[in-house]
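Every number for a ligand or one of its atoms is a count from 1 in the order of the listing. What you see below is based on every heavy atom in this structure, not just the backbone, and it leaves out hydrogens, waters and symmetry mates. Throughout, numbering of the chain's residues begins at 1 and tracks the sequence. Note that this is a predicted model, so its numbers are computed, not measured.
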Amino acid sequence: MSDPRLAGRSLRRIAFDEAQIAARVRELGDEITLAYPAGELLVLGLLKGSFIFLSDLVRQISRPLQVDFVVASSYGDGTESSGTVNLVYDPETRIEGKHILLVEDIVDSGRTLNRLMDLLTQRRPASLDVCALLHKHIATDLRYPTTFVGFPAPHEFLVGYGLDHAENFRHLPYIASLQ
Ligand code: PRP
């Protein structure tokens with residue numbers, strides 16, 4: 001497969017194409033709209049991976065909401081999780097009393113989620129839920145359910161639509177595995 005955005009790398013396969021992603025994001029937007037009939041909703045995007053998903057998702061949610069971001073990093077330049085989760089940016093927006101929807105691109109080992117959810121719980125939100133575009137369903141010590149899931153993730157290293165390999169390929173409009 002040749003795509004000028006790949007800088008000479010080849011794709012093994014496209015796991016989810018643009019149309020599949022757009023259709024599922026519309027469905028998630030509808031689910032989320034229905035799930036929050038009242039109250040203040042703060043959609044909290046976990047950077048960097050969620051930036052494209054979050055941008056598309058919030059435009060499919062038909063109710064008032066606010067957006068903020070949190071930055072955590074668990075991977076270095078490799079394809080394996082390093083095991084430590086560092087918080088680099090903490091949201092400035094008030095969390096107490098609001099419905100918080102944490103948006104992730106992918107749940108892998110679940111370490112990032114456990115750490116962030118522990119932290120956010122302490123700030124006394126009205127509710128705290130997770131929306132992940134992809135979920136590997138391999139986490140054995142995940143202490144929080146993922147309320148909204150886009151797709152079960154195949155057990156491949158995925159790039160595109162926000163997901164990177166050594167900071168590359170985030171801008172692919174589809175989700176693919178590399179050769
Ligand atoms: C990746 C991914 C998820 C997290 C999932 O983020 O975007 O946030 O790891 O892994 P886990 O379930 O094993 O914790 P990363 O730390 O690579 O940062 P990024 O979002 O900037 O790519």
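Near Ser109, meaning under 4.0 Å from one of its heavy atoms, ligand 1 places the atoms 11 (P), 12 (O), 13 (O), 14 (O). Atom numbering of ligand 1 starts at 1 in the shown order; those under 4.0 Å from a heavy atom of Lys48 are 19 (P), 20 (O), 21 (O). Distances below 4.0 Å separate heavy atoms of Leu46 from the following atoms of ligand 1: 8 (O).
Between the side chain of Arg12 and the backbone N or O of Gln179 there is no donor-acceptor pair closer than 3.5 Å. Put simply, the side chain of Asp68 gets close to the backbone of Thr93: a donor and an acceptor are under 3.5 Å apart.
Residue-level proximity to ligand 1 for Asp164 is carried by the side chain, the only part with a heavy atom below 4.0 angstrom. At a heavy-atom distance under 4.0 Å, no atom of His135 approaches ligand 1.
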Checking Leu101 against Leu65 for the side chain to side chain contact (heavy atoms under 4.5 Å, CB included) test, could you report, in this order, the C-alpha distance in whole Å, the side-chain angles of both residues, the deciding distance, and whether it holds?
CA-CA 10 Å; Leu101 182 63; Leu65 58 78; over 6 Å; no

In sequence, state the C-alpha distance, the side-chain angles, and the governing distance for Asn114 and Tyr144, and then conclude on side chain to side chain contact (heavy atoms under 4.5 Å, CB included).
CA-CA 7 Å; Asn114 277 342; Tyr144 299 91; 3.7 Å; yes

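For atom 14 (O) of ligand 1, the nearest non-hydrogen atom from the set Leu134, Thr112, Val71 belongs to Thr112.
The minimum heavy-atom distance between Ser109 and Ala139, with the atom names listed, is O-CB, 3.2 Å. Between Ala132 and Phe53, the shortest heavy-atom distance links the atoms C-CE2, 4.1 Å.
Among the atoms of Glu167, none of the N or O lies under 3.5 angstrom from an N or O of ligand 1. By the 3.5 Å distance cut-off applied to N or O atoms, Leu113 is not counted among the residues near ligand 1. At a 3.5 angstrom cut-off on N or O pairs, Ile106 does not count as close to ligand 1.
Between Leu133 and Ile175, the closest side-chain pair of non-hydrogen atoms falls below 4.5 Å.
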